[in-house]
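Order of appearance sets the numbers: ligands from 1, and atoms from 1 within every ligand.
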Amino acid sequence: MTRIKENFPLKKHNTLGVDVKARFFASPQSIEEIIDLLENSRELFPFLIIGEGSNILFTGDYNGLVIKPALKGINVINNDHEHCYVEVGAGENWDEFVQWAVESNLAGIENLSLIPGSAGSSPIQNIGAYGAEVSDAIEKVNYLDLESFEIKSLSAADCLFDYRKSIFKTQLRNRVVITSVIFRLNHNHIFNTTYGNLQTEVEKTGSLSLAAVRQAVINIRNSKLPDPKITGNAGSFFKNPVVGKEVADQIKENNPLMPYYTLPLDMVKIPAAWLIEQCGWKGRKIGNAGVHEKQALVLVNLGNATGVEIRDLAERIRDSVYKKFSVRLEPEVNII
Ligand code: FAD
Ligand code: EPU
């Protein structure tokens with residue numbers, strides 16, 4: 001039986017470091033324990049599944065049951081001359097798995113080094129960085145269906161992956177617990193170092209290997225993103241907006257230096273960090289919440305910020321970006 005704790009402090013379970021409590025909290029270690037917990041309590045109060053809380057903003061105490069699955073294991077389930085298939089328990093730490101892959105000489109996820117969170121959360125928003133997305137390395141996602149309490153699987157194609165998006169954020173939101181993810185890693189090493197200054201950073205290490213790419217990504221990340229152990233944050237607070245070419249052209253007319261990425265179907269992605277910086281927010285503080293001085297897309301907890309303070313700052317930023325550019329920013333962080 002999983003122990004259910006009452007009035008449980010969540011400060012250490014969200015990287016923004018917001019000091020709130022859960023009315024009930026449990027960390028089940030098996031699928032049976034998760035079923036047991038939810039079968040008995042689902043009708044009584046709301047529940048929330050969390051991983052490592054690196055993409056969650058709590059705006060107050062959670063008046064229900066917070067479940068943090070501690071499903072562990074990194075197991076090779078198949079291996080052929082091209083690929084190694086690895087099943088990873090949802091409760092494994094993402095970056096420890098990346099390190100395991102690099103040390104095992106398996107390619108495909110090294111660009112995603114140092115992203116906080118659990119392996120089970122990685123498909124939810126299809127984590128991405130430095131020119132890679134986890135969907136490219138996912139074979140299958142296994143989950144517990146909370147209607148039928150059956151274990152089901154979705155192939156990568158059925159997960160409907162997109163930029164910071166998957167079926168787990170849409171149709172299946174709050175209806176499943178991801179239990180494990182099967183990754184397809186490559187014995188062949190094909191390096192992807194075209195994003196930003198990644199190639200230059202790899203060259204500084206003096207070699208081209210999985211470990212070199214991992215180290216280069218870690219170096220770049222450490223140079224601009226705050227360490228949540230020191231300064232509370234949840235990475236990018238907003239997604240980069242995707243707009244029609246005509247909207248982007250209009251902004252560019254007055255801002256010829258606007259950075260952008262062209263996408264298919266005449267769509268354009270604009271860095272939200274740039275929009276926010278143009279509105280004068282970079283490095284600003286309001287009460288205990290602030291905008292990181294090295295990356296305008298990252299909101300930080302400067303001390304004892306409440307979730308409401310951080311949410312209010314995000315709303316003010318959103319309003320000013322809309323007023324100046326007529327572009328609506330959408331939060332990437334899950335606001336509870
Ligand atoms: P949580 O924040 O705990 O949960 C996220 C969502 O998933 C919630 O809605 C939760 O209810 C749901 N959930 C969690 N586990 C399960 C489960 N087992 N079953 C069903 N639902 C579940 N993201 C990127 O994509 N790229 C980056 O480069 C990046 N950089 C970051 C840098 C920093 C410093 C920080 C703090 C965050 C960054 N992020 C980045 C965001 C974050 O790391 C990812 O979103 C990560 O996947 C969240 O994992 P988590 O386990 O902490 O999820
Ligand atoms: N920029 C600014 N001001 C800033 C920061 C950046 O104008 O303060 C501009 C620069 O022109 C820069 C461009 O924005 O070239 C892009 O910046 P960066 O490379 O730092 O990436 P990002 O678009 O801000 C995205 C992801 C990150 C991911 C990095 C690296 C989103 C919402 N964010 O950030 O993911 O690590 O690329 O690939 O897509 C996260 O999702 O939490 C996250 C951190």
Side-chain angles (χ1 to χ4, degrees), residues 10 13-17 34 47-58 66-71 89-95 111-134 141-144 146 163-164 166 168-169 172-181 195-198 217 220-242 257-261 269-278 281-283 291-300 329-336:
L10 292 172
H13 296 273
N14 72 98
T15 59
L16 272 161
I34 299 174
F47 68 90
L48 173 71
I49 314 293
I50 64 166
E52 297 185 18
S54 62
N55 210 20
I56 288 182
L57 170 64
F58 287 106
V66 171
I67 300 179
K68 179 171 179 153
L71 305 173
E92 288 287 344
N93 173 265
W94 170 256
D95 192 51
N111 291 44
L112 304 176
S113 290
L114 209 65
I115 297 181
S118 59
S121 308
S122 65
I124 295 174
Q125 70 158 10
N126 181 19
I127 56 169
Y130 300 95
E133 281 187 330
V134 76
V141 178
N142 297 328
Y143 65 88
L144 177 70
L146 297 178
Y163 166 65
R164 295 298 188 270
S166 74
F168 304 106
K169 289 202 84 168
L172 294 183
R173 192 185 194 106
N174 299 328
R175 296 173 62 184
V176 307
V177 180
I178 293 177
T179 52
S180 68
V181 182
Y195 186 97
N197 59 338
L198 182 55
V217 168
I220 299 173
R221 294 184 70 95
N222 283 338
S223 73
K224 52 182 165 186
L225 293 170
D227 178 352
K229 287 196 196 94
I230 298 165
T231 308
N233 77 93
S236 303
F237 198 90
F238 300 100
K239 293 186 233 177
N240 286 330
V242 174
L257 297 179
M258 176 187 87
Y260 63 95
Y261 318 94
K269 193 189 269 179
I270 306 176
W274 181 84
L275 296 167
I276 295 169
E277 185 171 346
Q278 297 310 303
W281 284 103
K282 196 167 177 171
V291 179
H292 189 48
E293 70 276 0
K294 291 190 198 149
Q295 228 298 354
L297 191 46
V298 178
L299 302 193
V300 288
L329 295 182
E330 251 186 71
E332 177 189 298
V333 171
N334 298 279
I335 300 173
I336 314 281

Give a yes/no on ligand 2: does [X] have at least one heavy atom closer than 4.0 angstrom to it?
X      : value
Lys224 : yes
Phe237 : no
Arg164 : yes

Among all protein heavy atoms in this structure, tell me which lies nearest to [atom], with the distance rounded to 0.1 Å.
atom                    : result
atom 38 (O) of ligand 2 : Tyr130 N, 2.8 Å
atom 10 (C) of ligand 2 : Pro259 CG, 4.5 Å
atom 1 (N) of ligand 2  : Ala273 CB, 3.7 Å
atom 24 (O) of ligand 2 : Gln295 NE2, 2.8 Å
atom 7 (O) of ligand 2  : Trp274 CA, 3.2 Å
atom 29 (C) of ligand 2 : Tyr195 OH, 4.1 Å
atom 39 (O) of ligand 2 : Tyr163 OH, 2.7 Å
atom 25 (C) of ligand 2 : Asn240 ND2, 4.1 Å

Check if Lys169 has a non-hydrogen atom at a distance under 4.0 Å from any atom of ligand 1.
->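 Distance cut 4.0 Å: Lys169 fails for ligand 1.
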
Are any of the heavy atoms in Ala129 under 4.0 Å away from ligand 1?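 Heavy atoms of Ala129 do come under 4.0 Å of ligand 1.
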
[X] heavy atoms, cut-off 4.0 Å: which ligand 1 atoms fall inside?
X      : result
Gly117 : 49 (O), 50 (P), 51 (O), 52 (O)
Gln125 : 23 (N), 24 (C), 25 (O), 41 (C), 44 (C), 45 (O)
Arg164 : 24 (C), 25 (O), 26 (N)
Val176 : 20 (C)
Gly51  : 1 (P), 3 (O), 14 (C), 15 (N), 51 (O)
Ala234 : 35 (C), 36 (C), 37 (C)
Ser118 : 49 (O), 50 (P), 51 (O)
Gly235 : 31 (C), 32 (C), 33 (C), 35 (C), 36 (C), 37 (C), 38 (C)

Regarding ligand 2, does [X] bring an N or O atom to under 3.5 Å of one of the ligand's N or O atoms?
X      : result
Gln125 : no
Tyr261 : no
Glu332 : yes
Leu225 : no

Does [X] approach ligand 1 within less than 4.0 angstrom via side chain, backbone, both or neither, non-hydrogen atoms only?
X      : answer
Thr15  : side chain
Ile124 : side chain
Ile56  : both

May I ask you to list the atoms of ligand 2 that are less than 4.0 angstrom from any heavy atom of Lys282?
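Checking each atom against Lys282, I get 3 (N), 4 (C), 8 (O).
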
*Check ligand 2 against Ala296 and write out every atom of the ligand that is under 4.0 Å from a heavy-atom position of the residue.*
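Reading through ligand 2 atom by atom, the close ones are 4 (C), 8 (O).
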
Under 3.5 Å, is there a donor-acceptor pair between the Thr179 and Asn142 side chains?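 Side chains of Thr179 and Asn142: no pair found under 3.5 Å.
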
Any donor-acceptor pair under 3.5 Å linking the side-chain atoms of Arg164 with those of Asn55?
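Looking only at side-chain atoms, Arg164 and Asn55 do not form any donor-acceptor pair under 3.5 Å.
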
Has [X] got a side-chain atom pairing as donor or acceptor with [Y]'s backbone, closer than 3.5 angstrom?
X      : Y      : result
Tyr163 : Asn240 : yes
Asn14  : Ile56  : no
Ser113 : Val217 : no
Asn233 : Pro226 : yes

Starting at OG of Ser121, measure out to CZ of Phe168 and round the result to the nearest 0.5 Å.
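Answer for the OG-CZ pair, Ser121 versus Phe168, is 11.5 Å.
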
Salt bridge (charged side-chain N to carboxylate O under 4.0 Å, His left out) for Glu277 and Lys282? Distances and angles first, verdict last. CA-CA 5 Å; Glu277 185 171 346; Lys282 196 167 177 171; 3.3 Å; yes

task = Establish whether atom 44 (C) of ligand 2 and some protein heavy atom are separated by less than 4.0 angstrom.
result =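 It does: a protein heavy atom is found less than 4.0 Å away from atom 44 (C) of ligand 2.
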
Quick check: does Ser121 get an N/O under 3.5 Å from an N/O on ligand 1?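 Indeed, backbone or side chain, Ser121 has an N or O that close.
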
Is there a polar contact between ligand 1 and Asn126, counting only N or O atoms under 3.5 Å apart?
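Looking only at distances, the answer is no, because the N/O contact criterion of under 3.5 Å is not met.
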
*Return the option from Gly235, Gly196, Gly131, Ser236 holding the heavy atom at the smallest distance from atom 33 (N) of ligand 2.*
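That would be Ser236.
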
